[in-house]
Amino acid sequence: MRKTLRLVRREYKAAVKTKGFIIGLVLAPIFMGGGLIAFAVFKDRVDTTDKALAVVDRSSVIGQAIVDAAERRNEKEIHDAEAGKKIKPAYSVELVEPDHGDLERQRLELSNRVRRGELHAFLDIGPGIVHPGEDPNAARIAYYARNSAMDDMRRWLGWPINNRLRKLRLADAGIDESEVKDLFHWANIDGMGLVSVDVASGDIQKAKKTNEIEAILVPIVTMMLMFMMVMISVPGMLHSVMEEKTQRIAEVLLGSIRPFEFMMGKLLAGIAVSLTSSAVYLIGGFLVIRHMGFEGFIPYAVLPWFFIYMFLAILMLGAVASALGATCSEAKDAQSLMFPILIPALIPMFTYFPIVREPMSSFATWMSLFPPFTPFLMLLRQATPGGVPAWQAIAGLLGVIAFTLAFVWVGGRIFRVALLLQGTPPKLGNIVRWALRG
Amino acid sequence: MDAVCLRDVTKTFGKTVAVSDLSLNVPEGSVYGFIGPNGSGKTTTLRMIMNILYPDRGQIMVLGESRLGACLDRLSYMPEERGLYQRMKVRELLEFHGELKTGRKVRRQADHWLERLGLTDWATKKVETLSKGMSQKLQFIATVISEPEVVILDEPFAGLDPVNAEVIRDAILQLQSQGVTIVFSTHDMGVAEKMCDYVFMIFRGRKVLDGTLDSIQNRYGTDTIRLRTDDGTAALEDLQGIEKVTDFGRMQELRMTADCDAQAVLAAIMSRTRVHSFDVVKPSLHDIFVRIAGPEAREVPNA
């Protein structure tokens, strides 16, 4: 054990004292959560160029309402109230008389105006829009633009059009709008956790209100952090073992240390590096979250599980990586083995969404009980507001421990034999033979 | 007492027999030389002694312990291919290797050896900045820094210039004078002749020579003539009783048949040319090596 720890110390220092580690520490979360960060940072960076809209209102009762709404919007919404800076484009609306003779020709002309840049888009309102039940085809509204699917103006138009329609329909029904305000009140359904009993006092504990951050974001971030820790350490082990083999450092070390101690030194150093990284991320994340006032979302109960699973996941996958690293004599061998090693980490990344949406489904349960996936998927489920039944957490943990022991044992056998074989490419048959016979 | 003792050790890799029924005894405090052609089983034997490879059959006792790897910390090993952490600093690397073996600080020993081998100025430099010769000396220090009782060196002189080779040779002999057992493999027969108390030769996995240089040479008898003449090999053609002529340029070596008379050979040569020197000697280790492992090898003897 003394020798293993001495090797751990060297490996740890060699890993964390490099610029690569520091840069990786910063870059890894940027790559992993880069999209979210970029979205948050750049969400207000919108194009403020004014946009012109042509409206062909074949119902004759909606167009003016859009013109009025656009003017109100231009007056109140497109400038920052404090700085006075323009933050959104102004919308100008041009009402175009419908060509009842050749509708398609008119649409082509308007499309060409969009192509020439004179218009941003044009809107075609069907003649029967007020009473769609009479002729659904006459009640269509079509928005034509270069990229109509992702268009802020199209989304904005929904409100003034539907507001105008509501007023018209109430008027047609002879109802005074001011008397039926409640008719348009949209009832929201609050998501709540379960009511429980305080073990110490016996008092009934009120249920906590749940939200999407707690239900989706917290579990995903927790699992992503686990994925990052695995990605930081496991591929490095594969390359490090291969390098030490090809540079003959391994043979020198084997004069002082047993192969299993050597492998364990690598694995424990990898865990130590991941613990350092995770500590940095967790402490940093905690400070940021607390600063933002979201401290209540931190899943403290899951943190011990995170560290237990991280320890086991890196031990399990690291043993495989070290063993396969020992079979490689060239960088391209290591490159081709990287993907199979990381499959247990990658599959949870492809399947997490249905699991986080329905963490108690049988798919979620069985996937998370499969030991190679447990550190990721059980953790994901445990971080959801309802958590998982205790038996599942225990069964998952026992499964991971058993698999980890088996992987380390088999990895040790392959590692010992393969480490001194130079120039032999890693063939599946050889690897299986070494695993079985040692 | 023997520092290392092998009994009927066999090691195979797949269908290849690397070492076959090998037995040998390395006396404590001796310098024991392993010779043999490439691929003959030298490194495999050294690795088995170090417990890096496990024998398929047979017994290996090191410092009286037969349990595999029981006294790993009392041995030290320098493999043929040098392997050093390139990004570590020189002293830091030595401390790592020393502490790995001994579990205690070895700063004093590191400084002593760095000075002894002329590397003090490089103590704080990274290993990657060292020349090949310096790296080799550093590897040697990393091997001996733990003050082992048995030092196993695989080709310690390979690639060294004469000055550095002498530095390493002196260091090895100094270790021997302190009671350390040295086992090393070499392709340099001159080094083996000069340094080794015992020479062991392995060929195709089998032991073919084992003993002191004298005892080995005595087995072959005084069958070699070394001479210098005016006409070189031109004067040595078709001599009676000579089975092989080896030309070294300025000197020639003749191997006599068992019933050959050296005086008759001398007379025959003198009748053809002027002779400057004529020595009847035992065959050199190099010659014995070539007789066993060279293309003319007739049969592999068992030692």
Side-chain angles (χ1 to χ4, degrees), chain A residues 1-21 239-262 264-266 269 326 329 412-413 415-424 427 429-430 433-434 437-438, chain B residues 11 13-14 18 43-44 46-54 56 68-89 92-93 95-106 126-128 135 138-140 142-146 148 150-154:
Chain A
M1 194 62 189
R2 169 184 66 75
K3 292 185 177 186
T4 304
L5 292 177
R6 182 63 188 88
L7 190 62
V8 170
R9 213 168 87 205
R10 196 216 79 83
E11 293 285 321
Y12 178 78
K13 275 172 74 178
V16 301
K17 278 175 75 179
T18 59
K19 284 178 195 148
F21 178 77
H239 286 287
S240 159
V241 171
M242 187 210 69
E243 261 182 40
E244 290 186 12
K245 174 186 171 175
T246 52
Q247 292 177 7
R248 315 290 172 146
I249 295 169
E251 193 179 348
V252 176
L253 290 180
L254 290 178
S256 304
I257 190 166
R258 291 167 212 274
F260 189 72
E261 291 175 318
F262 184 12
M264 287 310 292
K266 290 266 170 208
S329 300
R413 289 165 77 87
F415 186 85
R416 183 175 70 76
V417 181
L419 201 58
L420 291 173
L421 291 178
Q422 297 287 350
T424 310
K427 290 182 185 161
N430 284 343
R433 200 177 71 237
W434 296 331
R437 294 185 195 165
Chain B
K11 177 71 186 173
F13 295 105
T43 299
T44 301
L46 296 179
R47 284 175 174 178
M48 284 194 288
I49 295 171
M50 283 308 298
N51 194 42
I52 293 172
L53 292 176
Y54 303 159
D56 299 332
L68 292 174
C71 47
L72 194 61
D73 293 343
R74 294 162 68 192
L75 316 184
S76 215
Y77 173 57
M78 183 169 91
E80 181 181 1
E81 302 278 353
R82 315 298 179 229
L84 296 167
Y85 288 110
Q86 295 295 314
R87 291 190 190 119
M88 280 182 98
K89 289 178 179 166
E92 198 184 359
L93 179 107
E95 288 177 353
F96 165 69
H97 280 288
E99 287 171 32
L100 197 61
K101 273 270 188 212
T102 65
R104 56 187 160 77
K105 299 282 178 199
V106 292
K126 286 194 173 174
V127 173
E128 63 193 357
S135 297
L138 181 63
Q139 187 89 63
F140 178 80
T143 309
V144 299
I145 196 168
S146 58
V150 178
V151 174
I152 295 173
L153 308 166
D154 199 353

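Residue numbers start from 1 in every chain, and the chains themselves are labelled A, B, ... in the order their sequence lines are given, proteins ahead of strands. These numbers come from the heavy atoms of this one structure, side chains and all, not from hydrogens, waters or symmetry mates.
- Expressed to the nearest 0.5 Å, how far CD of B:E92 lies from NZ of A:K13 amounts to 5.0 Å.
- Contacts between A:E243 and chain B at a heavy-atom distance below 4.5 Å are absent for every atom of the residue.
- For a residue to count as touching a neighbouring chain, one of its non-hydrogen atoms must lie under 4.5 Å from one of that chain's; by this rule B:M88 touches chain A with the side chain only.
- Between atom CG of residue A:L7 and atom CD of residue B:E99 there is a gap of 12.5 Å, rounded to the nearest 0.5 Å.
- Every residue two or more places apart in sequence or in another chain that forms a side-chain contact (heavy atoms from CB on, under 4.5 Å) with A:R2 is listed here: B:D73.
- Taking CZ from B:R47 and CD from A:E251, the interatomic distance works out to 3.5 Å, rounded to the nearest 0.5 Å.
- Here A:R416 contributes atom CZ and B:I52 contributes atom CD1; the two are 12.0 Å apart, rounded to the nearest 0.5 Å.
- Between the side chains of A:Q247 and B:Y85, not a single donor N or O lies within less than 3.5 Å of an accepting N or O.
- Checked against A:S256 for a side-chain contact (heavy atoms from CB on, under 4.5 Å), the options B:T102, B:T143, B:L100 give a single hit: B:L100.
- Proximity of A:V252 to B:Q139: side-chain heavy atoms (C-beta onward) are separated by under 4.5 Å at one or more points.
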